[in-house]
Amino acid sequence: MQNAPLVVVPMAHKAAYLERYAEPDKGWEDRAEARWPAPYWHIDTGMAALLMLLSAVDEGLGACFFGIMPEHLPSFRGEFGVPDEYDPIGGVTVGHRADDMPPQGARIAERRRAADQVIHRGHWGRHA
């Protein structure tokens with residue numbers, strides 16, 4: 001991961017999101033944040049990161065999402081000149097798996113939960 005040839009840092013921009021939804025074709029006339037049940041500017045940015053991960057896999061590449069810890073945000077912003085109104089939601093490394101890396105261990109598969117443990121049908125706790 002540390003030698004990945006590409007690192008993408010998806011950025012949420014709340015002000016741009018609120019401005020867009022205050023335009024006439026969206027039906028609201030103000031930038032009221034209170035009407036949003038969740039910060040969709042972060043959610044949409046997360047979905048964009050997921051699409052990057054899936055696209056990398058589709059192209060036969062490896063990719064990994066990683067978080068940027070709060071204590072590292074000031075130095076990240078300073079190093080790359082990121083304005084305060086942009087929020088990095090993490091980073092995505094993209095590249096090829098190193099030839100000298102061992103294959104992923106069986107423990108990865110062991111940690112995966114069965115479908116009936118994570119899928120609920122029509123009501124929480126109903127699996128069939």
Side-chain angles (χ1 to χ4, degrees):
M1 252 178 59
Q2 293 176 345
N3 297 323
L6 175 64
V7 178
V8 179
V9 179
M11 305 271 185
H13 188 209
K14 178 170 73 171
Y17 205 97
L18 295 175
E19 286 171 21
R20 173 65 184 108
Y21 280 86
E23 291 180 10
D25 66 318
K26 292 294 187 182
W28 295 338
E29 296 179 7
D30 61 27
R31 296 171 28 134
E33 190 176 331
R35 66 170 50 96
W36 296 95
Y40 280 91
W41 41 93
H42 288 155
I43 293 167
D44 284 356
T45 307
M47 288 186 204
L50 177 61
L51 286 172
M52 289 178 221
L53 293 166
L54 293 171
S55 296
V57 171
D58 285 348
E59 294 300 319
L61 298 169
C64 182
F65 179 85
F66 63 92
I68 300 173
M69 297 294 102
E71 62 269 20
H72 298 296
L73 283 175
S75 59
F76 170 80
R77 289 181 185 283
E79 180 70 26
F80 296 103
V82 177
D84 287 339
E85 62 268 16
Y86 289 85
D87 295 319
I89 58 128
V92 177
T93 57
V94 181
H96 293 279
R97 187 174 180 88
D99 292 333
D100 61 348
M101 290 291 296
Q104 287 187 335
R107 187 153 187 265
I108 298 292
E110 291 170 6
R111 290 192 321 227
R112 187 171 299 271
R113 292 183 286 169
D116 65 350
Q117 292 179 308
V118 296
I119 298 172
H120 305 273
R121 305 223 184 254
H123 188 275
W124 193 268
R126 190 177 303 146
H127 303 288

* With a cut-off of 6.0 Å (strictly less than), are more than 12 heavy atoms of other residues, nucleotides or ligands near CG of Asp30? -> yes
* To do: Keeping to residues at least two apart or across chains, list the ring pair (Phe, Tyr, Trp, His ring centres under 6.0 Å) pairs with something in residues 81-113.
  => His13-Tyr86
* Would you check if Arg121 and Asp116 make a side-chain contact, meaning some heavy-atom pair closer than 4.5 Å? => no
* Sub-4.5 Å side-chain heavy-atom contact between Val9 and Ile68 -> yes
* Asked: Hey, what's the ring geometry for Trp124 with His120, parallel, tilted or perpendicular (30° and 60° as the breaks)?
  -> parallel
* Asked: Ion pair present between Arg77 and Asp87, side-chain N to carboxylate O less than 4.0 angstrom?
  -> yes
* To do: Would you check, one step at a time, whether the test salt bridge (Lys or Arg N to Asp or Glu O under 4.0 Å) holds for Glu19 with Arg31?
  => CA-CA 6 Å; Glu19 286 171 21; Arg31 296 171 28 134; 3.0 Å; yes
* **Min side-chain heavy-atom separation Tyr40-Tyr21 under 4.5 Å** => no
* Asked: Out of curiosity, does Phe76 fall in the hydrophobic cluster containing Ile89 (side-chain heavy atoms, cut-off under 4.5 Å, transitive links)?
  -> no
* **Cluster link Leu73 to Val82, ILVMFWY, side chain under 4.5 Å** => yes
* **Same apolar cluster (I L V M F W Y, side chains within < 4.5 Å links), Val8/Ile43** => no
* **Separation between CZ of Arg35 and CG of Leu18, rounded to the nearest 0.5 Å** => 9.5 Å
* **Taking every non-hydrogen atom, the tightest pair across His72 and Ser75** => O-OG, 3.0 Å
Which donor-acceptor pairs under 3.5 Å do the side chains of residues 44-62 make with protein atoms, sequence neighbours left out?
residue	atom	partner	partner atom	Å
Asp44	OD2	Tyr17	OH	2.8
Thr45	OG1	Trp41	O	2.7
Ser55	OG	Leu51	O	2.8

* Shared hydrophobic cluster for Phe66 and Phe80 (ILVMFWY, side-chain gaps under 4.5 Å) -> yes
